[in-house]
Number of protein chains: 2
Amino acid sequence: MKRATRQRSAIRAAIAAAGRPLSPLEVLEGARSDVPALGLATVYRNLRLLLDDGEIQGVNLPGDNVRYELAGHDHHHHFQCLACQRVFDIHACPGDLQRLAPPGFVVEGHDLTLYGYCADCRASAVGGQGVRAVGVGACS
Amino acid sequence: MKRATRQRSAIRAAIAAAGRPLSPLEVLEGARSDVPALGLATVYRNLRLLLDDGEIQGVNLPGDNVRYELAGHDHHHHFQCLACQRVFDIHACPGDLQRLAPPGFVVEGHDLTLYGYCADCRASAVGGQGVRAVGVGACS
DNA sequence: ATACTTGCAAAACATTTGCAGTGAG
DNA sequence: CTCACTGCAAATGTTTTGCAAGTAT
């Protein structure tokens with residue numbers, strides 16, 4: 001059975017407090033304010049457990065490692081900053097994507113990621129250097 | 001300037017011949033029929049170059065490493081069948097996604113993946129079991 | 001007590017980089 | 001002749017695993 005440990009709560013809390021998908025390392029940093037001695041391996045182990053339990057869900061972005069966020073949120077999408085690489089939640093949706101699918105195909109769900117510059121990065125550094133986002137199109 | 005080397009042609013040829021997205025390792029295997037002494041580092045270096053040149057593009061599927069395929073000449077998205085896992089190209093686009101971004105954010109590009117059932121699977125198979133697709137919402 | 005958990009370190013992978021030698025232009 | 005390119009090995013970076021000690025139940 002799954003126990004209630006300090007580290008597990010800290011990890012859960014860190015993800016809940018973030019409000020955006022966190023990488024395992026970010027989870028570690030966040031959770032260490034509660035449990036300073038927390039180990040990275042423990043973070044990975046717990047992320048796996050929480051994933052299997054459906055408490056959190058993975059967010060997979062091209063050119064970046066998997067991030068995690070609480071499951072059960074409203075349906076939403078993500079915006080990744082090409083400069084600082086941070087990922088933000090977008091609580092909006094293009095809607096009606098069934099029309100994009102070929103005839104005979106049934107759309108059950110979708111995944112949308114926007115790329116660009118967040119308010120912070122757009123304000124300061126203007127150039128998007130060293131960016132290597134995969135699969136970023138240009139018809140937006 | 002970019003030179004024309006045997007290994008680069010072999011890599012290009014391997015990707016072109018596959019007809020499906022290949023992982024770096026698969027590219028290596030395929031290209032070694034032309035250049036047996038080909039090294040993995042060279043594959044990675046060339047994938048990066050070809051990516052930057054827009055000759056190929058990365059395909060990022062949840063739970064799998066990045067794969068590469070020849071770049072189509074047009075912007076497109078992907079449809080992954082929840083039953084057979086195959087990935088299809090979708091030559092359509094929702095358009096105008098800037099409106100979805102928070103104020104102050106600039107959208108430079110986007111990535112869209114639809115999940116559902118392809119014409120084949122919709123006809124035959126029943127349920128999509130054992131599917132662990134990340135970030136699949138339900139507002140479509 | 002029992003056995004699930006943890007921290008640390010080492011292992012297993014994936015990808016990148018340093019370097020001297022090679023070859024395209 | 002030059003300098004981009006290559007192969008190899010070593011370096012990075014990420015995620016997993018082995019194991020003895022710790023701890024919730």
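Proteins come first, then strands; the chains are lettered A, B, ... in the order of their sequence lines, and each starts at number 1.
Ring pair B:F105/A:F79: centre-to-centre distance below 6.0 Å.
The listed nucleotides are C:dA14, D:dG7, C:dT6; the one nearest the side chain of B:Y44 is C:dA14.
With respect to the salt-bridge test (charged N to carboxylate O, under 4.0 angstrom), the residues B:R8 and B:E55 do not qualify.
With a 4.5 Å cut-off on side-chain heavy atoms, A:E69 and A:H76 count as touching.
A residue-by-residue look at B:M1 and A:N65 shows that B:M1 has its nearest nucleotide of DNA chain D further toward the 5' end. Residues B:R8 and B:R32 each lie close to DNA chain D; by heavy-atom proximity, the contact nearer the 5' end of the strand is made by B:R8. When the nearest nucleotides of DNA chain C are assigned to A:T42 and B:L40 by heavy-atom distance, the more 5′-ward of the two goes with A:T42.
Distance B:R48 CZ to D:dT6 P: 14 Å, rounded to the nearest Å. With rounding to whole Å, A:L49 atom CG is found 6 Å from C:dT5 atom P. The distance between atom CG of B:L47 and atom P of C:dT15, rounded to the nearest whole Å, is 10 Å. If you take CD of A:Q7 and C1' of C:dT5, they are 7 Å apart, rounded to a whole angstrom. When rounded to the nearest whole Å, the span between NZ of B:K2 and C1' of D:dT6 equals 16 Å. A straight line from CZ of B:R6 to C1' of C:dG23 spans 9 Å, rounded to a whole angstrom. Whole-Å rounding puts the B:L28 CG to D:dC8 P distance at 10 Å. In this entry the distance linking CG of B:N46 with C1' of C:dT16 reads 14 Å, nearest Å.
A donor-acceptor contact under 3.5 angstrom links the side-chain atoms of A:R3 to the base of D:dT23.
The side chain of A:T5 contributes an N or O atom lying less than 4.0 Å from OP1 or OP2 of C:dT6.
Across all strands, A:R45 comes closer than 4.0 Å to base atoms (heavy-atom distances).
There is no side-chain donor-acceptor pair under 3.5 Å between A:H77 and A:H91. Using modelled atom types, one finds no donor on one side chain facing an acceptor on the other under 3.5 Å when comparing B:Q98 with B:H110.
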